[in-house]
Amino acid sequence: MKCPACGHTESKVVDSRPVEENSSIRRRRECLSCGYRFTTFEVIEAQQLVVIKKNGSKELFDRAKLLGGILKATEKRPVDADVIVSEIEAELYNSLRQEVTTTEIGEMVMEKLKASDEVAYVRFASVYREFKDVDSFLTELKSLKKKAPRKKVKPAETDA
């Protein structure tokens with residue numbers, strides 16, 4: 001750390017303490033050349049995630065935008081959209097990648113929705129996969145039906 005008084009590059013840490021709810025560290029330093037004392041702060045640098053859109057343009061990852069798309073698909077469904085967004089966001093940041101495509105994000109959403117609610121999955125897929133007609137929609141439904149065997153429902157007992 002460069003001394004603000006003399007410009008010497010070596011200093012020793014005299015005192016350290018966490019500040020702002022442990023989100024940063026305040027350090028008191030002393031220059032080894034002139035003895036001047038000064039304060040520095042160490043903070044975590046937030047990772048920026050860039051999303052590459054289908055048209056090739058780039059923009060910063062926007063959690064609210066992802067949440068909005070998932071909320072539309074899960075409307076009136078027993079799915080916690082915020083949990084899905086949090087899981088996807090954690091996976092993206094934990095991958096330590098700086099860029100991700102909208103296609104990759106879309107596939108992650110589809111995977112999460114398919115596992116939690118088939119109706120929400122089909123709603124999202126209809127927009128994400130840009131179904132052009134009923135046939136493409138039916139094709140997706142048929143593939144979904146083949147992959148997920150139906151649960152057998154016991155017939156209701158009747159009082160006779």
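Note that the structure is predicted; figures quoted are calculated from it, not measured.
- Atom NZ of Lys58 and atom OG1 of Thr102 lie 13.0 Å apart (nearest 0.5 Å).
- Residues Leu67 and Tyr93 share a single hydrophobic cluster, defined by chaining ILVMFWY side chains whose heavy atoms lie under 4.5 Å apart.
- For Glu111, the CD atom sits in a loose shell: 12 or fewer heavy atoms of surrounding residues, nucleotides or ligands are nearer than 6.0 Å.
- Not one N or O on the side chain of Asp117 forms a donor-acceptor pair closer than 3.5 Å with the backbone of Leu113.
- No hydrogens or angles considered: nothing links the side chains of Ser16 and Arg26 as a donor-acceptor pair under 3.5 Å.
- Hydrophobic clustering (ILVMFWY, side-chain heavy atoms < 4.5 Å, transitive): Ile52 and Leu92 are in distinct clusters.
- Listed for the Arg37 side chain is no donor-acceptor partner under 3.5 Å among the backbone atoms of Cys31.
- By the neighbour-count criterion of 12 heavy atoms within 6.0 Å, atom CD of Glu10 is sparsely surrounded, having that number or fewer from other residues, nucleotides or ligands.
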What do the steps show when you test Lys112 against Tyr121 for side-chain contact (heavy atoms from CB on, under 4.5 Å), and what is the final call?
CA-CA 8 Å; Lys112 300 277 184 198; Tyr121 165 78; over 6 Å; no
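- The shortest side-chain heavy-atom distance between Leu32 and Lys12 falls under the 4.5 Å cut-off.
- In this structure the side chain of Leu60 never reaches within 4.5 angstrom of the side chain of Leu49, judged on heavy atoms.
- A heavy-atom distance below 4.5 Å is not found between the side chains of Met108 and Glu87.
- Between Val19 and Ile25 there is no side-chain heavy-atom pair separated by less than 4.5 Å.
- Thr103 OG1 to Lys54 NZ: the interatomic distance, rounded to the nearest 0.5 Å, is 5.5 Å.
- In this structure, the separation between CD on Glu107 and NZ on Lys114 is 9.0 Å, given to the nearest 0.5 Å.
- When only modelled atom types and interatomic distance are considered, Arg77 and Ser116 share no side-chain donor-acceptor pair under 3.5 Å.
- In this structure, the side chain of Thr74 engages the main chain of Ile70 through a donor-acceptor pair within 3.5 Å.
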Could you please spell out the steps behind the salt bridge (Lys or Arg N to Asp or Glu O under 4.0 Å) verdict for Glu75 and Arg123?
CA-CA 10 Å; Glu75 187 175 345; Arg123 286 179 181 172; 6.0 Å; no
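- Atom CZ of Arg27 and atom CG of Asp15 lie 10.0 Å apart (nearest 0.5 Å).
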What do the steps show when you test Val100 against Ile105 for side-chain contact (heavy atoms from CB on, under 4.5 Å), and what is the final call?
CA-CA 7 Å; Val100 64; Ile105 294 172; 3.8 Å; yes
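- Counting only heavy atoms from C-beta outward, the side chains of His8 and Tyr36 never approach each other to under 4.5 Å.
- Of all the heavy atoms in Phe124 and Gly69, the pair that sits closest is CD1-O, 4.2 Å.
- Judged by distance alone, the side chains of Glu104 and Thr101 do bring a donor and an acceptor atom under 3.5 Å apart.
- Contact check for Phe61 versus Val50: no side-chain heavy atoms found under the 4.5 Å cut-off.
- A salt bridge links Arg63 to Asp82: one of the charged nitrogens lies within less than 4.0 Å of a carboxylate oxygen.
- No side-chain heavy atom of Cys3 sits less than 4.5 Å from a side-chain heavy atom of Ser33.
- Looking at heavy atoms from C-beta onward, Thr39 lies out of side-chain contact with Arg29 at the 4.5 angstrom threshold.
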